**Student:** 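Quick one: structure below, then a few questions.
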Amino acid sequence: MITGQGIDRVDGALKVTGRAPFAAEFAPPGLVHAVLVTSSVPSGRIVRMDVAAATALPGVIAVLTPMNAPRLPQKGQAGVNPAAGRVLSLLQDDIVSYNNQPIAVAVADTLERAAQAARLVRVTYAAADAKLDFAVAKATAKPPARANREPADLQRGDLAASMSSAATTVGAVYTTPIGHHNPMEPHATVADWSGDHLTLHDATQNVGGERTAIAHVFGLAPENVTVINPFVGGGFGCKGSTWSHVALAALAAKAVGRPVKLVLERPQMFGMVGNRPRTEQTLGLGAARDGMLVAVGHQTVSETSMLEDWPETSSLAARHLYSTPSNLSTHRLAKLHIATPTFTRAPGEASGNFALECAMDELAYKLRIDPLALRLRNYAEQDESKRKPYSSKSLRECYRVGAERFGWAARAAMPGTMRDGRSRIGYGMATATYPANRSAAEALVRMLPDGSVVVRSATHDLGTGTYTVMSQVAADAIGVPVSKVRFELGDSRFPKAPGAGGSQSAASVSPAVHAAGLAMRQKLIELAIADPRSFAHRSDAAQITVIDGWLRSTNALSLVPGRTVADAASPGEPIAALIGRNGGVVLETTAESKPGVEREQYSMHSFGAVFAEVRVDADLGTVRVPRITGVYGVGTVLNAKLARSQMLGGVVWGVGMALLEESMRDERNGRIVNANLAEYHVPVNADIGAIDVSFVPESDAFVNPLGVKGLGEIGITGVTAAIANAVFHATGKRVRDLPITLDKLL
Ligand code: MOS
């Protein structure tokens, strides 16, 4: 089996030699450049737009504004309901509802001229009152219709009664700041019309969803839109939706009759393409003296835009993570004149896990119980809110292995007692969890006459390894070396696959690839059996297999003891020889794989345990994280090296969320003031210590046919709380507001 092995990325050479094309690098003939003008007020109407200076510039082809832009069906909002559609700003009216909203598009023959033209557009606003104060808006916060697919509020037992009868309680408010995804590759679109057919090269996590959304915006049949995106320079959720700039690039291309490239400037990444919203989370835990929980309450208020009710689902994990007779979890939305938030790096879990796991830590100290022991005491054997067993759960083993690898036993129980010179040392731990999502997916396998294989699915590789793991799965299923497989993705014309979000790509697409591969193996075997010139002619299908690109007999009688099926001495022939004798045709198989009733019968999640050591400078309050240990149960690991790499990345996100990342919004005008990579701090190598990531063996018979749970996002969860808890252990100071910056420790 090649599946599971830590082989190098199959696209590695393309990446390091610069031959992997990203969206902005596609250059159809006649390409011109578009640059967006964005609003500088958070609320109001555009009264006037003076484009005279802009259009007078040499090379400027058009400046589209709300006054002159081509009109779209239903003001361009037709994609909102049918697709996972967002409310877009497409120059169809003069309303401004957030700062940095696109309000005009300048198109010119060069990028520089387009940028200059965009800067010369003069806008007169009739400003309206803007709601920008979270503290005010939360007073009138309303529940969203749903929290993902779950009810916004869920209650079991009587939380208030349990809290008042509990021997010990903790209650605290935790906050998480606005965060932006900041992939290295900004959002970028190349829009190219050919008659009524639109081709988009777009930095997206969802080629299929984008085709649907854009088709609706322009009133086209979906087959008249093609979305292509073979490589993604990071997404983390922001590229999971089709945002305004994609449709605006297409609108501009239509208006000027030329292909248009539109790349967001870095400051524009802090506006129209989503972000993690600010949350305020109220945690209440009640426990008996022995540490058994009797009450878990988790209430989240997050901010959203005037355009959409988008909830950060921070309270979902508290519904099942620990055993408790009473549980209340709620979500509320505070509406502001801001850009619509979106999925960001373990949406819901990353922010919610910080609050819940810090509250558990607070409870442990109050009870004088080891934080790990407290979690074990309240281990949930099943999902008590859904009243369903877990499809698999290896969390106990994760705790055990993690504690051992980290050396948790060396932790002094009392905070503030471990030191090394000026450094106060702290150990903290937390539980990691993320849902094991899966959607329907299709794949196609095409066997070429030379015995090489093309496998296709409209999935995505965000830099995480989809090309590689799907090649591995296909190679094993068909019976060819992985070097003979070319996996193709990122094209909406390929067999359907879900968007690359919710950590579901590997779990959704691998079973389809596997099934289509097995069907190809079967097809080859049938061809051989029917072929009078094949060694396999008239054999029983069960006695023929495909291995290493050869059809082989598995008939025990034909094998000399000690020889394997792949042995050159066992009867067989190369796939190419078989196909060559049979007309040299291309063979094709397809398969669809989708979740079944098991999704109703089981609760499906990945789990893990995270341990962190921090060193806090006693005088300066600076926090360093010399080491983190994370141990995870994620079902089948498709590629040991890439899985580890992805978890390392997730842990680095966690360090960023814990200590650095924070978008600051000017409360006067609703603009993000640190909208650049100099002032929006993400960890660099010097911020990262040793990260020890490992997986416990776990087989899951229900999550999908290959037992893959997915690991895109669980890596960030647990890390923030483990660090915050370690900071408390080091200093005795409980920081409940992320990020943990030095001012909060002085
Ligand atoms: Mo992930 S935040 O669902 O792309």
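Just so it is clear, the structure is predicted and the values come from calculations on it, not from any experiment. Atom set for the values below is all heavy atoms of this structure, side chains included, hydrogens, waters and symmetry mates excluded. Atoms within a ligand are numbered from 1 in the order they appear, just like the ligands themselves.
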**Student:** side-chain contact (heavy atoms from CB on, under 4.5 Å) for His187 and Met272? Distances and angles first, verdict last.
**Tutor:** CA-CA 10 Å; His187 286 259; Met272 68 197 85; over 6 Å; no

**Student:** Yes or no on side-chain contact (heavy atoms from CB on, under 4.5 Å) for Gln268 and Thr38, after CA distance, side-chain angles and deciding distance?
**Tutor:** CA-CA 8 Å; Gln268 294 173 342; Thr38 64; 3.9 Å; yes

**Student:** Can you measure from OG (Ser305) to CH2 (Trp310) and round to the nearest 0.5 angstrom?
**Tutor:**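 Taking OG in Ser305 and CH2 in Trp310, the distance rounds to 11.0 Å.
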
**Student:** Considering heavy atoms of the protein only, find what lies nearest to atom 3 (O) of ligand 1 and give residue, atom and distance to 0.1 Å.
**Tutor:**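 Answer, as residue, atom name and distance: Gly502 N, 2.6 Å.
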
**Student:** Between Pro347 and ligand 1, which part of the residue brings a heavy atom under 4.0 Å of the ligand: side chain, backbone, both or neither?
**Tutor:**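 Within the 4.0 Å criterion, Pro347 contacts ligand 1 through side-chain atoms alone.
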
**Student:** Do any heavy atoms of Gly240 fall under 4.0 Å from ligand 1?
**Tutor:**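 Judged by the 4.0 Å heavy-atom criterion, Gly240 does not count as contacting ligand 1.
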
**Student:** Do side-chain atoms of Ser302 reach the backbone of Pro311 as a donor and acceptor pair under 3.5 angstrom?
**Tutor:**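 Checking the backbone N and O of Pro311 against the side chain of Ser302, no donor-acceptor pair under 3.5 Å is found.
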
**Student:** Please work out whether the ring planes of His320 and His605 are parallel, tilted or perpendicular, with thresholds of 30° and 60°.
**Tutor:**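 Answer is parallel, since the angle falls under 30°.
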
**Student:** Do the side-chain N and O atoms of Thr279 and Thr176 include a donor-acceptor pair separated by under 3.5 angstrom?
**Tutor:**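 Thr279 vs Thr176: donor-acceptor pair found between side chains.
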
**Student:** Could you list the atoms of ligand 1 found under 4.0 angstrom from a heavy atom of Gly237?
**Tutor:**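 In order of number, 2 (S), 4 (O).
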
**Student:** For Phe236, take its heavy atoms, then give the atoms of ligand 1 lying under 4.0 Å from any of them.
**Tutor:**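 Contacts of ligand 1 toward Phe236, numbered from 1: 2 (S), 4 (O).
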
**Student:** Relative to the heavy atoms of Arg345, which atoms of ligand 1 are at a distance of less than 4.0 Å?
**Tutor:**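 Answer for ligand 1: 2 (S).
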
**Student:** Is the contact between Glu713 and ligand 1 made by the side chain, the backbone, both, or neither, using heavy atoms and a 4.0 Å cut-off?
**Tutor:**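 It is the side chain that touches ligand 1; the backbone stays farther off.
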
**Student:** Quick check on contacts: which atoms of ligand 1 are under 4.0 angstrom from a heavy atom of Phe343?
**Tutor:**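 The atoms of ligand 1 under 4.0 Å from a heavy atom of Phe343 are 2 (S).
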
**Student:** What is the closest protein heavy atom to atom 4 (O) of ligand 1, and at what distance does it sit?
**Tutor:**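 Of the protein heavy atoms, Gln205 NE2, 2.9 Å lies nearest.
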
**Student:** Classify the ring geometry between His201 and Phe26 as parallel (under 30°), tilted (30 to 60°) or perpendicular (over 60°).
**Tutor:**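 Rings of His201 and Phe26: parallel, under 30°.
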
**Student:** Against heavy atoms of Thr344, which atoms of ligand 1 measure under 4.0 Å?
**Tutor:**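 Near Thr344, the atoms of ligand 1 are 2 (S).
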
